[in-house]
Amino acid sequence: MPKPDSTPPSNFIRSIIDEDLKTNKYGGRVHTRFPPEPNGYLHIGHAKSICLNFGLAADYGGPCNLRYDDTNPSKEEPEYVESIREDVRWLGFDWGDREFYASDYFDQLYEYAIQLIKAGKAYVDDLSADEIREYRGTLTKPGKESPYRNRTVEENLELFERMRAGKFEDGSRVLRAKIDMASPNLNMRDPVMYRILHAEHHRSSNKWCIYPTYDFTHGQSDSIEGITHSICTLEFEDHRPLYDWFLDELNVYHPQQIEFARLNLSYTVMSKRMLLELVEHGYVTGWDDPRMPTISGFRRRGYTPESIRDFCERIGVAKRDSIVDIALLEHCIRKDLNRRAPRVMAVLRPLRVVIDNYPEGQVEELDALNSPEDPDMGTRKVPFSRVLYIEREDFREDPPKKFYRLAPGREVRLRYAYFIKCVGVVKDEQTREVVELHCTYDPQTRGGDSPDGRKVRATLHWVSASHSLEAEVRLYDHLFVKPDPTDNKDGSNFKMHLNPNSLETLTSCHVEPSLAGAAPRSRYQFERLGYFCVDSVDSSQGRLVFNRTATLRDTWAKIEKTQAKGAKVTEAPGQSKLAHLRKDAPATGRREELEPIGEEINIDDFSKIDLRVGLVRDSSAVKGSNKLIKLMVDIGEGRLRQIFAGIRPGYPDPEKLVGKKVIVVANLKPRQMKFGLSEGMILSGGDADRLCAPTFEHDPLPGDKVT
RNA sequence: UGGGGUGUCGUCAAGCGGUAAGACACGGGCCUUUGGAGCCCGCAUUCGGAGGUUCGAAUCCUCCCACCCCAGCCA
C-alpha cells in the first residue's frame with residue numbers, strides 16, 4: 001500500500017474535504033473513483049489522477065472505485081480495459097471488488113431518461129446533427145429551440161421507446177434535455193442525452209442500440225456509486241451546472257465535483273489522440289515503447305511504481321495550467337534507483353586495452369560492492385585478465401582541460417582492480433582511429449588502493465574481454481526536442497518536433513558476467529553510466545537487451561558542453577555580435593588574455609537578462625591592463641555603477657566613451673576583480689576594433705529597459 | 001463580443017489580513033575507489049498591472065491586462 005513518506009502536501013482538494021468532514025456534509029464519508037474510458041492506454045497524466053483519487057481515499061480511510069466510462073462502443077475495446085487494470089495495479093493501488101462500468105448502469109440510466117421525459121424535461125429531437133449544431137447558436141448568439149421541442153410526453157415516450165427498439169437509423173434522432181437554448185453556457189442548450197448507435201458494446205454486446213452520452217452518464221454513475229468527491233479535470237468545469245441539473249431534476253444523491261489541472265510534462269505529449277497517432281504511424285513501436293509517457297512505457301523503460309507515485313505527490317494539485325519539467329520525473333527515478341539498483345559494470349562502446357605486464361592466461365576474481373549505499377546488498381566477484389574493454393570516451397589521445405580520465409602516459413584506477421598507466425596507442429592505418437591501448441598495471445594497487453598513497457583523478461569501469469557477455473543496449477532520450485511539442489503557434493505540427501535521436505541502439509556492448517541470466521525487468525546501475533533494465537519483450541536467455549532508464553548526472557558532459565560552446569564563439573571572433581560578451585573574462589584578474597566565454601548565450605538567456613540603457617559618465621584605462629577600461633555608468637539608479645569592461649582594444653581612447661549610451665547587463669552579481677568591484681557588464685560586439693554602438697528608436701533615458 | 005477558469009522564482013507549488021514554505025533546475029563549496037550518491041551554502045524586498053481599504057495586503061475591494069477551456073449525436 002503506497003504510503004506517503006511524510007505528511008501529504010496541502011492542496012485545495014484536501015481543504016475542501018477537510019471542510020466537508022468538519023460540516024459532516026457526507027456523514028464523514030470520503031469515497032472517490034478513477035473513471036477512465038477504455039479507449040487507449042493510461043499515461044502519466046492518468047497516474048496523477050489515480051494517485052490523487054486512490055491516495056485521497058486511502059488517507060481519509062475511504063474506498064476508491066475503478067470505473068470504466070464505457071459509453072461509446074465505437075471507440076472502446078477489451079484490450080484497453082485489460083491494460084488499464086494492469087497499470088493501476090502495477091502502480092500499487094487496489095480497488096477490491098469495486099470494479100464498475102458505466103455500462104452496468106445502462107438500465108438505470110434508461111429509467112432516469114424516462115423519468116425526465118415524464119417530467120417534461122427531455123424530448124426526442126428529429127433534427128440532424130448538422131441542424132442541431134446550427135440551432136445551438138454560437139458563443140455570443142443564443143440558440144434557437146428545435147421545432148420538436150414541445151412534443152407531448154406521450155409522443156416522446158413512444159419515440160424514445162422506438163429508438164430503443166431499433167426502429168430508427170443511426171443519427172436520425174436523439175433524446176435531449178429540455179433546459180435553455182439561450183444559456184450562455186453552451187452545455188445547457190438542450191444537450192444530447194441519448195444517441196442511436198447500432199454498434200456492439202464490449203460488455204453489453206447488442207443489448208442496446210441507443211447509448212447515453214458521457215454528460216448524461218457520468219454524474220449519475222457517481223451518484224449511483226455514492227461517490228462523495230467526484231474529481232475530474234478542468235475542461236469539465238462548465239459541465240458541472242449540467243451534471244447538477246440532471247441530479248437535481250432526478251432528485252437523487254448528489255456528489256460534489258471538483259476540478260483540477262491535468263498534467264503536462266515537458267518534452268512529451270499527453271493527449272491520447274497524439275499518442276495513438278505515434279503508435280499507429282509507427283513513430284514508436286507501440287503503447288509500451290519505452291519512450292512513451294504511458295504507464296506501460298515507463299514500466300518497460302524501467303521506472304518503478306514508487307518513483308511515479310513520488311513524482312505525482314511532488315507535482316502537487318492545483319487549478320492552473322502548467323507544464324511540469326520532466327527533469328523532476330527523472331530526479332524521482334534516479335533517487336529511487338540509487339537506493340535499490342545493484343551496481344554492475346558494463347562497457348557500451350568498447351575500446352580494447354591490453355595490460356602488457358599482466359601474465360597471459362591469468363585471471364583474478366576481484367571483489368566488487370553491489371551497492372556503496374547499502375552494505376547489505378553484498379559483494380560479487382568480477383574477473384580481471386590481460387585484455388579488457390574500457391569505455392571509448394574514457395580515453396583521449398589529446399585530453400582537453402579538466403578531462404582527467406585516461407590519456408597517453410596517464411594513470412587511472414580501474415574500479416575494484418588496479419591502477420593502470422597508458423603506455424601505447426594502436427591506431428588504424430587508414431582511419432587513424434584508436435583501436436587499442438597498451439597499458440601497464442601496478443600489482444601493488446590490487447583492489448584500487450595505492451600503498452604509497454599516490455592519487456589518481458579518475459576511476460574507470462571496465463570488463464574483461466574474454467569473460468564479458470555481449471549485450472544490446474538501447475539508449476533513450478526525450479521523445480521530442482521541444483519542451484512543448486504542442487505549441488504550434490509557428491504553424492508546426494507536434495510530429496515535426498520528434499527527436500530523431502530519441503533511440504540509439506548499441507549492439508556490441510559488453511557487460512560483466514554476473515549479468516548472465518538476468519531476469520526480465522531487473523534493474524541495475526551500470527556504474528558511471530546510468531540505470532538500465534532488462535527489456536521485458538526482446539531480452540532472452542541467449543540475447544541480453546537492456547533499456548536505459550535514466551542517465552546518471554554527468555558533470556564531465558556538462559563541462560565538455562560548456563567548453564565546446566566557448567570554443568565555438570572563439571573560433572570566429574567578431575563573427576558573432578556577442579563575440580565580446582563574456583561573463584568571466586578578466587574576472588579573476590590572473591590572466592590578461594581574454595578567456596572564451598563560459599557558455600554560448602542564446603535568446604533564452606536574454607529573456608532573463610536585464611538589459612538597461614547606461615550613460616557613460618566616466619571612462620578610463622585601467623593601469624596594469626591593456627584590455628580593461630573602467631567605466632562609471634548611470635543606469636538611472638541614482639548612483640553610478642563601476643564596471644570593468646575588456647573593450648580597450650576597440651577604444652584606445654577610453655575618454656571618448658564618456659557621454660555615450662551603452663547597453664548594460666544590470667542583473668549580474670557584482671564581481672570582485674583585481675582592480676575593483678565590477679557591477680555589471682557592457683554589452684558589446686563587432687570585431688576587435690570597434691564597439692557596436694546600440695541604436696534606439698527614441699532617445700532613451702539611463703535605466704530604460706532594453707528589449 | 002457570451003460563459004467558465006487561472007495568473008506567486010527558470011519549472012512545479014505552499015500561503016486563506018501580520019510582513020514570501022518546499023521541491024526540481026541552476027550556481028558555488030566539501031567529500032568521494034561511480035566526475036554517481038551524500039553534505040553545506042546561494043537562489044522572489046516581492047506575488048500579472050494600476051488604483052483603493054487597512055496600523056499592516058500575495059491575501060479584501062475596483063478597474064485593467066494576459067493565458068486556458070466551451071459551439072461532438074467524444075470523453
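Letters A, B, ... mirror the listed sequences (proteins, then strands); counts begin at 1.
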Between [options], which nucleotide gets closest to the side-chain atoms of [X]?
{"X": "A:Asn187", "options": "B:C70, B:A25, B:A71", "answer": "B:C70"}
{"X": "A:Thr459", "options": "B:A37, B:U34, B:C73", "answer": "B:U34"}
{"X": "A:Glu373", "options": "B:A25, B:A71, B:A37", "answer": "B:A37"}
{"X": "A:Asp321", "options": "B:C24, B:G35, B:C68", "answer": "B:C68"}
{"X": "A:Glu235", "options": "B:G36, B:C12, B:C69", "answer": "B:C69"}
{"X": "A:Pro184", "options": "B:C68, B:G5, B:G2", "answer": "B:G2"}
{"X": "A:Arg195", "options": "B:A71, B:C74, B:C16", "answer": "B:C74"}
{"X": "A:Asn72", "options": "B:G35, B:A23, B:C74", "answer": "B:C74"}
{"X": "A:Val324", "options": "B:G36, B:G7, B:C12", "answer": "B:C12"}
{"X": "A:Ile132", "options": "B:C12, B:C73, B:A75", "answer": "B:C73"}

Could you say whether A:Asn39 or A:Phe403 is positioned toward the 5' end of RNA chain B, judged by the nucleotide with the nearest heavy atom to each?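 Its nearest nucleotide lies further toward 5', so the answer is A:Phe403.
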
On RNA chain B, check which nucleotide each of A:Ile315 and A:Thr555 is closest to and give me the residue with the more 5' one.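 Result of the comparison: A:Ile315.
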
Using a cut-off of strictly less than 4.0 Å, decide whether [X] has a side-chain nitrogen or oxygen near OP1 or OP2 of [N].
{"X": "A:Ser10", "N": "B:G15", "answer": "yes"}
{"X": "A:Arg553", "N": "B:A37", "answer": "yes"}
{"X": "A:Ser74", "N": "B:C74", "answer": "no"}
{"X": "A:Arg273", "N": "B:C74", "answer": "no"}
{"X": "A:His331", "N": "B:C24", "answer": "yes"}
{"X": "A:Arg320", "N": "B:G7", "answer": "yes"}
{"X": "A:Lys319", "N": "B:G7", "answer": "no"}
{"X": "A:Arg136", "N": "B:C73", "answer": "yes"}
{"X": "A:Arg334", "N": "B:G36", "answer": "no"}

Using a 4.0 Å heavy-atom cut-off, does [X] contact any base of the nucleic acid, only the sugar-phosphate backbone, or nothing at all?
{"X": "A:Tyr416", "result": "base"}
{"X": "A:Leu127", "result": "base"}
{"X": "A:Lys272", "result": "nothing"}
{"X": "A:Glu330", "result": "nothing"}

Chi class for B:G72: syn within 90° of 0, otherwise anti: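 In terms of base orientation relative to the sugar, B:G72 is syn.
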
Cation-aromatic face contact A:Arg164/A:Tyr110, 6.0 Å, 45 degrees: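 Yes, cation above the ring, under 6.0 Å and within 45°.
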
State whether a side-chain donor-acceptor pair under 3.5 Å links A:Glu373 with A:Ser371.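 The answer is no; no qualifying pair exists.
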
Less than 3.5 Å apart, any donor N or O on the side chain of A:Asp367 or A:Thr379 sitting next to an acceptor on the other?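 No.
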
[atom1]-based separation of [M] from [N] [nearest Å]:
{"N": "B:C9", "M": "B:G51", "atom1": "C1'", "value": "26 Å"}
{"N": "B:U6", "M": "B:G22", "atom1": "C1'", "value": "22 Å"}
{"N": "B:G72", "M": "B:A14", "atom1": "C1'", "value": "39 Å"}
{"N": "B:A57", "M": "B:U45", "atom1": "C1'", "value": "15 Å"}
{"N": "B:C43", "M": "B:A23", "atom1": "C1'", "value": "14 Å"}
{"N": "B:A58", "M": "B:U53", "atom1": "P", "value": "16 Å"}
{"N": "B:C24", "M": "B:C61", "atom1": "C1'", "value": "37 Å"}
{"N": "B:A13", "M": "B:A25", "atom1": "C1'", "value": "14 Å"}

Salt-bridge contact A:Arg415-A:Glu527 (side-chain N to carboxylate O under 4.0 Å):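 Here A:Arg415 pairs with A:Glu527 in a salt bridge, since their nearest N and O are under 4.0 Å apart.
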
Step through the shown structure and confirm whether more than 12 heavy atoms of other residues, nucleotides or ligands are within 6.0 Å of NZ on A:Lys482.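 For A:Lys482, atom NZ is crowded (more than 12 foreign heavy atoms under 6.0 Å).
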
Determine the interplanar angle of the A:Phe384 and A:Tyr441 rings, folded into 0 to 90°, and report it as parallel if under 30°, tilted if 30 to 60°, perpendicular if over 60°.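 Taking A:Tyr441 first and then A:Phe384, their aromatic rings sit tilted (interplane angle of 30° to 60°).
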
Please determine, for [N], whether a Watson-Crick or G-U wobble partner exists with both distances under 3.5 Å, and give it or none.
{"N": "B:G7", "value": "B:C65"}
{"N": "B:G38", "value": "B:C30"}
{"N": "B:G18", "value": "B:C55"}
{"N": "B:C47", "value": "none"}

Residue from A:Leu127, A:Asp126, A:Val124 passing side chain to side chain contact (heavy atoms under 4.5 Å, CB included) with A:Ser146: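 Checked A:Leu127, A:Asp126, A:Val124 against A:Ser146; only one passes side chain to side chain contact (heavy atoms under 4.5 Å, CB included): A:Leu127.
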
Output the distance between atom SG (A:Cys232) and atom CD (A:Glu259), rounded to the nearest 0.5 Å.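 One gets 5.0 Å once the value is rounded to the nearest 0.5 Å.
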
Has the side chain of A:Asp238 got a donor or acceptor that lies under 3.5 Å from a partner of the other kind on the base of B:G3?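 Pair found.
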
